[in-house]
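Each ligand, and each atom within it, is numbered from 1 in the order the structure gives.
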Amino acid sequence: MPKFYVTTPIFYMNGKPHLGHAYAVTIADVLARWHRLKGDDTFFLTGTDEHGEKVEKKAIEEGLSPQEHVDRLSENFRQAWKKLNISNSDFIRTTEKRHEDAVKHFVKLMHDNGDIYEGVYEGWYCTPDETFIPESQLIDGKCPECGREVKKLKEATYYFRLSRYQDKLLEYYSENPDFILPRKRTSEIVNRIKEGLKDLSMTRPSVRWGIQFPFNEKHTVYVWVDALINYLSALGWPGSEPKYWPADVHLVGKDIMWFHSVIWPAMLMSAGFKPPKSVLVHGHYIVEGKKMSKSLGNVTDPLELTDKYSVDALRYFFVREFPLGDDGDFSEQLLKARNNNELASDLGNLIYRVLTLTEKFEGKLEGRPELEKSLELQTFQDEMDRCDTYRALETLWRFIKASNKYINDTKPWELKGEELSNALYNSVEACRIISILISPFMPETAEKIGKQLGIPLGRLEDCRFSEINYLPKKGAPLFTRVD
Ligand SMILES: [Zn+2]
């Protein structure tokens with residue numbers, strides 16, 4: 001059985017889940033559900049990144065121990081994903097013992113390979129981003145990523161010999177052109193590497209809230225090195241073989257692409273593991289021209305939106321509004337338009353009309369599969385397999401529109417006998433197949449359609465016109481218009 005291992009970034013504990021987090025975790029969920037629908041042995045991981053200087057500071061401010069602080073924050077994420085119908089197989093927290101053991105073992109493997117040495121780090125550090133920043137990258141003396149103040153560090157550290165992996169990384173990218181997706185992002189990384197890879201400071205002597213460095217108890221492992229190893233520790237390694245490794249897809253935001261496509265593969269090579277198969281880079285939400293972030297105060301609470309719309313409407317919006325990899329706008333107006341025009345009108349109306357007509361029909365639904373030619377199943381599959389969820393949903397929507405048109409054209413309400421049976425047969429079969437293909441995106445809606453048709457939700461191989469015994473029973477409309 002083919003396997004599929006997909007991950008989200010583990011989210012850093014500095015607040016509540018926001019729209020950007022919900023976006024990433026939903027896209028990963030869509031991919032995981034798609035692979036389960038295909039019958040692949042699927043593992044879907046998300047979790048929380050809980051160490052570092054910033055977390056410790058914040059806990060002190062709140063009058064809590066760092067552990068109490070992260071327990072509270074991490075639980076918010078767990079609850080939010082439950083509400084958004086996220087089907088993760090595991091939820092890893094970097095303060096768990098299983099993770100700590102894995103990090104220590106991983107670091108030992110890097111050390112045994114001669115890739116760790118002692119030195120001094122002198123340079124700039126952005127605490128909110130927990131990143132070391134070379135002087136050349138500062139913008140007006142501030143962090144190039146978030147625009148905030150950076151501080152000068154001069155401290156003892158242990159370095160990872162990242163420079164040793166420069167050629168191996170370049171070779172890996174050229175042998176695996178789909179390693180960084182979308183492909184167009186590869187050149188950005190390659191060019192930066194060609195400028196020369198510097199060794200990475202991988203321990204901090206001044207940070208207590210972290211995993212102890214196994215070769216010097218006065219140091220903790222740099223929070224990014226610690227965090228990346230979650231993708232292995234969640235698989236039960238080093239206690240057992242990580243059977244899902246290498247990961248098929250690490251879904252990440254473009255701001256952390258460097259860590260995932262350069263530092264992480266180099267760390268893996270150093271410790272004797274294969275690099276992941278792909279790093280899928282998504283864009284960010286833009287609100288009035290600015291990236292959504294806590295420090296800018298323009299964060300939208302995804303859970304509030306699901307109270308007004310539905311969980312599935314929000315999930316649909318995430319995939320449908322802009323192509324994966326691009327930045328996109330968020331506004332409630334846009335969400336409302338998708339909900340009303342596409343979900344309530346196109347899809348909701350289709351199901352409602354078909355059920356109204358078939359409920360009244362007596363006898364067996366039989367006919368010629370006329371509508372099947374509008375179903376671009378292979379195109380849909382190919383798009384899903386290359387993680388192009390945006391285009392796949394577009395392809396599926398063409399079929400939904402074609403089905404609506406078919407009903408308008410055949411006018412079943414004017415037909416009788418065999419012709420009526422034929423028109424209804426085609427319409428109902430279309431609805432059944434739509435319920436299957438839409439299930440990765442909108443699992444609750446898929447279940448509802450199945451229930452109204454009186455059939456259990458099918459699998460991918462059931463997506464062809466066939467003979468099914470339906471027991472149609474119309475329920476409430478699938479989506480409500482919001483005015
Ligand atoms: Zn920063």
Side-chain angles (χ1 to χ4, degrees), residues 8-21 23-24 48-61 66 69-70 73 94 121-155 157 159-160 162 185 188-189 192-193 195 197-210 220-228 230 250 252-264 279 281-300 327:
T8 71
I10 48 171
F11 302 115
Y12 197 60
M13 294 290 82
N14 62 347
K16 281 188 187 168
H18 61 61
L19 206 69
H21 297 132
Y23 173 66
T48 45
D49 179 8
E50 307 188 352
H51 288 127
E53 192 179 345
K54 188 168 56 166
V55 170
E56 188 178 10
K57 267 191 179 164
K58 188 78 188 158
I60 293 167
E61 270 171 48
H69 177 62
V70 294
L73 291 176
T94 55
Y121 178 78
E122 190 172 359
W124 301 96
Y125 193 78
C126 173
T127 308
D129 285 340
E130 301 280 12
T131 342
F132 299 98
I133 302 160
E135 178 126 346
S136 61
Q137 282 179 24
L138 295 179
I139 297 173
D140 298 330
K142 297 202 169 119
C143 170
E145 199 56 56
C146 69
R148 284 173 287 202
E149 294 289 333
V150 288
K151 68 176 182 186
K152 184 106 193 189
L153 288 184
K154 186 179 180 180
E155 59 184 30
T157 190
Y159 279 98
F160 165 43
L162 183 60
R185 291 206 177 271
E188 195 179 322
I189 293 292
R192 217 173 127 188
I193 291 181
E195 284 170 21
L197 265 185
K198 292 203 172 61
D199 292 344
L200 177 79
S201 165
M202 64 169 286
T203 70
R204 303 277 318 268
S206 52
V207 177
R208 280 166 303 149
W209 184 239
T220 54
V221 176
Y222 170 44
V223 64
W224 261 106
V225 169
D226 160 354
L228 288 163
N230 91 87
H250 284 318
V252 303
K254 60 182 180 180
D255 54 331
I256 57 172
M257 173 171 72
W258 179 260
F259 287 99
H260 285 82
S261 56
V262 179
I263 296 173
W264 178 226
V279 174
V281 184
H282 68 75
H284 292 301
Y285 273 102
I286 304 291
V287 179
E288 285 153 14
K290 293 206 171 83
K291 178 185 159 183
M292 195 178 288
S293 80
K294 195 166 176 241
S295 59
L296 295 170
N298 59 359
V299 175
T300 304
D327 286 339

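- Among residues at least two apart or in separate chains, salt bridge (Lys or Arg N to Asp or Glu O under 4.0 Å) pairs with a member in residues 127-139 are Asp129-Arg148.
- The residues Lys254 and Glu188 are annotated as not salt-bridged, no charged nitrogen and carboxylate oxygen being separated by less than 4.0 angstrom.
- Atoms of the protein (N, O or S only) found under 2.8 Å from the Zn ion (ligand 1) are Cys126 SG, Asp129 OD2, Cys143 SG, Cys146 SG.
- Salt bridge present: Glu61 and Lys58 bring a charged side-chain N and a carboxylate O closer than 4.0 Å.
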- Task: Apply side-chain contact (heavy atoms from CB on, under 4.5 Å) to Lys54 and Tyr12, showing your working.
- Result: CA-CA 10 Å; Lys54 188 168 56 166; Tyr12 197 60; 3.1 Å; yes
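- Qualifying salt bridge (charged side-chain N to carboxylate O under 4.0 Å, His left out) partners for Asp199, counting only residues two or more places apart in sequence or in other chains: none.
- For Glu122, there are no salt bridge (charged side-chain N to carboxylate O under 4.0 Å, His left out) partners at least two apart in sequence or on another chain.
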